[in-house]
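Taking it in order: structure first as structure tokens, then the write-up.
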Amino acid sequence: MTSASLQTLAESLQARLADMITGLKIANGEISIDVPPDRITKVCLVLRDEAEFSFEQVSDVCGVDYSAYGKADWETKDTTTTGFSRGVCKDVFQKQDPGETHRLAVVYHLLSLKHNRRLRVRCMLENHPPMIQSVVNIWASANWFEREAFDLYGILFEGHPDLRRILTDYGFIGHPFRKDFPLEGNVEVRYDPEKQRVIYQPVTISNRVLVPKVIREDNRYTADEAEPPQPES
Amino acid sequence: MPEIRNMTMNFGPQHPAAHGVLRLVLEMDGEVIVRADPHIGLLHRATEKLAESKPYNQSIGYMDRLDYVSMMCNEHAYVRAIEKLLKVTPPRRAQYIRVMYSEITRILNHLLWLGSHGLDIGAMTVFLYCFREREDLMDCYEAVSGTRMHATYFRPGGVYRDLPETMPQYEPSKWHGEDDVKRLNENRQGSLLDFIESFTERFPMCVDEYETLLTDNRIWKQRTVGIGVVSPERALQLGFTGPMLRGSGIEWDLRKKQPYEVYDELDFDIPVGVNGDCYDRYLVRIEEMRQSNRIIKQCVDWLRANPGPVIVDDYKLVPPPREEMKDDMESLIHHFKLFTEGYCVPAGEVYAAVEHPKGEFGIYLISDGANKPYRVKIRAAGFAHLSAMNEMVQGHMLADVVAMIGTQDIVFGEIDR
């Protein structure tokens, strides 16, 4: 998408939806808007039906858990004097994001074939349990994407015709993609020769972190709007 | 009078026509389907969650295992997302290599699709024909990456290494005598590019062969014409992309509309269907194979004429050459840092999509500035297609379900992730 096309989209979004969106950002050649959860269906209807937007398709709907955003295993900004383990500091927050006060978000990626444009719509969810209006009536393809977000993040979509789990096992407990869900899971399945059936038991494996998560500031990337380097031929 | 109830039938998850582990719960009225409820997730491996706990480069291999019949196209979307965040552009030669391999992958995928789709609805022979050509393309994969399927060849900043000067050859064995080997090695005497070129010269004739088996075949047409018709409006509503959308008559191809790498410099056409039935989608994919062949030819010509680097020389991102590591301290440090910690990607979010053989394959990547992705969301084309299964099969016969699964080109690696 060219920057001119981005600018026109940004302007028309501002003009038409100024009272319904809380943020608009252009970065990496993409445009994203923040919408409060109670306005999502209104905004989506405008985005689909009005000729200047006409986003006919929703490419993707997904959940995001922001609770560990900017959390790293190493302290990289200051040094300590306590020998080899200096800098090791579990769960240090190095960055704060606009989403810090909220935990879960739903992100929609819209595609307009008519104008050949994409748009990202992000909804931060404040309520507990996290709940948002479903967009299945606007784009039928959102059906399974919303089921997936419900399954993996526990986000409830109000008005969804069939909000069941989709990817996890029958009878699964928990929402596995939340950041507080362990990577190795809680239960494992095996065949028990004594009972002669498949049983669930607590996991016997533990998670080994081979590479700690590190956040490093890099001066090369601070100039955000810099042009990408030209390719060598 | 006894009450007549619909019968509920379980199709899969272990069924040869389910293309993996699809469980379909079908509500039947006699032999007509009233409702289909696909149960997925039997192959769920939480690829996205695993990627969150690993440095960026270590997840490239997971991408191969998503849609395991179009490996490099999956990698392509992932490395493009990283490059977009890093604001890195690979060298031109790397871009041509990527495009060439993306198209080889497209042919690989469509050949497997054609073979298994045919097999599912009663055309046995075409399966064997397709696998004959797949074998050669697998060898191209092997020559460049060392593996026949899960290549891990694309890297952020380019491709892992340049195309080899020699093509691996067959050796005499219990199964192949001297004469056999000589015949098999005939087109493997030169470089990889020579081999690919000889393939592109031969391949259009092979596609003709498949077409003589199927296109005017009475049984094939009875099984596909008028089956699973999707109108263009519904196709958009249901989130169709790729050949599924083009089969319904909408000319939409990311390679043309949002060109990435060097697709805007290459000459190819986008086939579009008319009726939106299984037969049209078959014709679209057949033509796509011919067009991919054209693209590969152009790439071979360009790559012959233009040697050069295939990966950026930024040692913060790609490992330095081994020779340099032996006597250059700085290279050694770079190497050590890259393989113990990886590289940090600036904070931000991107969505990078490629025209995957099955449709739009997108990676939504959120970085918080760390050496591991904060969130990776894989947008798989098959996921949206399968969710439309219920609508597509309603009112059709049980046997048509198999045709529908075939025409959607379902692979569970990408749907279940």
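Because only heavy atoms are used, hydrogens play no part in the values below, and waters and symmetry mates are left out as well, while side chains stay in.
Only the side chain of B/D37 comes within contact range of chain A, with at least one heavy atom under 4.5 Å from a heavy atom of that chain. Contacts between B/E83 and chain A at a heavy-atom distance below 4.5 Å are absent for every atom of the residue. For chain B, no part of A/L210 is nearby; none of its heavy atoms comes within less than 4.5 Å. With a threshold of 4.5 angstrom between heavy atoms, A/R48 approaches chain B through side-chain atoms but not through N, CA, C or O. Neither the backbone nor the side chain of B/L43 comes within less than 4.5 Å of any heavy atom of chain A. In this structure, chain A has heavy atoms under 4.5 Å from both the backbone and the side chain of B/L50. Proximity to chain A (any heavy atom under 4.5 Å) is shown, for B/D416, by both the backbone and the side chain.
Considering every non-hydrogen atom in both B/E48 and A/F177, the closest pair reads OE1-CE2, 3.0 Å. For B/S53 against A/L183, the heavy-atom pair with the smallest separation is OG-CD2, 3.5 Å. Taking each heavy atom of A/R118 and B/Y351 in turn, the nearest pair found is NH1-CE2, 3.5 Å. Residues B/F240 and A/Q57 come closest through the heavy atom pair O-NE2, 2.8 Å. The two residues B/L238 and A/A140 make their nearest non-hydrogen contact at CD2-CB, 4.1 Å.
For B/N371 (side chain) and A/P212 (main-chain N/O), a donor-acceptor pair under 3.5 Å exists by modelled atom type. No donor-acceptor pair closer than 3.5 Å links the side chain of A/N28 to the backbone N or O of B/L85. Side chain of A/N116 to main chain of B/K257: a donor-acceptor pair is present (N/O by atom type, distance under 3.5 Å, no hydrogens or angles).
B/Y374 carries A/K179 over the face of its six-membered ring, with the cationic atom under 6.0 Å from the centre and within 45° of the normal.
With contacts defined as side-chain heavy-atom distances shorter than 4.5 Å, the pair B/Q237/A/S141 does not qualify. Annotation: side chain of B/W252 is in contact with side chain of A/L111 (closest heavy-atom distance under 4.5 Å). In this structure the side chain of A/W139 never reaches within 4.5 angstrom of the side chain of B/L236, judged on heavy atoms. In this structure, the side chains of B/S387 and A/N143 stay at 4.5 Å or more apart for every pair of heavy atoms. B/E349 places none of its side-chain heavy atoms less than 4.5 Å from the side chain of A/E30. Residues B/L245 and A/L113 form a side-chain contact, since some pair of their non-hydrogen atoms from C-beta on lies under 4.5 Å apart. Residues B/P38 and A/W144 form a side-chain contact, since some pair of their non-hydrogen atoms from C-beta on lies under 4.5 Å apart. In this structure the side chain of B/R379 never reaches within 4.5 angstrom of the side chain of A/C62, judged on heavy atoms.
Among the candidates B/A94, B/G342, B/P55, the residue making the largest number of heavy-atom pairs closer than 4.5 Å to chain A is B/P55. When the candidates A/V61, A/D151, A/V58, A/V107 are compared by the number of heavy-atom contacts under 4.5 Å with chain B, A/V107 comes out ahead. Ranking B/H44, B/K377, B/E391 against chain A, the residue ahead of the rest is B/K377, based on heavy-atom pairs under 4.5 Å.
Between A/F145 and B/F383, the ring-plane angle classifies as tilted under the 30° and 60° cut-offs.
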### Task
Report the C-alpha separation of A/V211 and B/K54 in whole Å, then their side-chain angles, then the decisive distance to 0.1 Å, and conclude whether the side-chain contact (heavy atoms from CB on, under 4.5 Å) test is met.
CA-CA 7 Å; A/V211 181; B/K54 289 184 171 49; over 6 Å; no
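By a heavy-atom distance cut of under 4.5 Å, A/I166, A/L167, A/Y170 are the residues of residues 166-175 of chain A near chain B, going up by number.
At a threshold of 4.0 Å, the pair B/K49-A/E184 does not count as salt-bridged, since none of the basic side-chain nitrogens sits closer than that to a carboxylate oxygen. Under the 4.0 Å criterion applied to side-chain N and carboxylate O atoms, A/K213 and B/E341 are not assigned as salt-bridge partners. The residues B/R234 and A/E56 are annotated as not salt-bridged, no charged nitrogen and carboxylate oxygen being separated by less than 4.0 angstrom.
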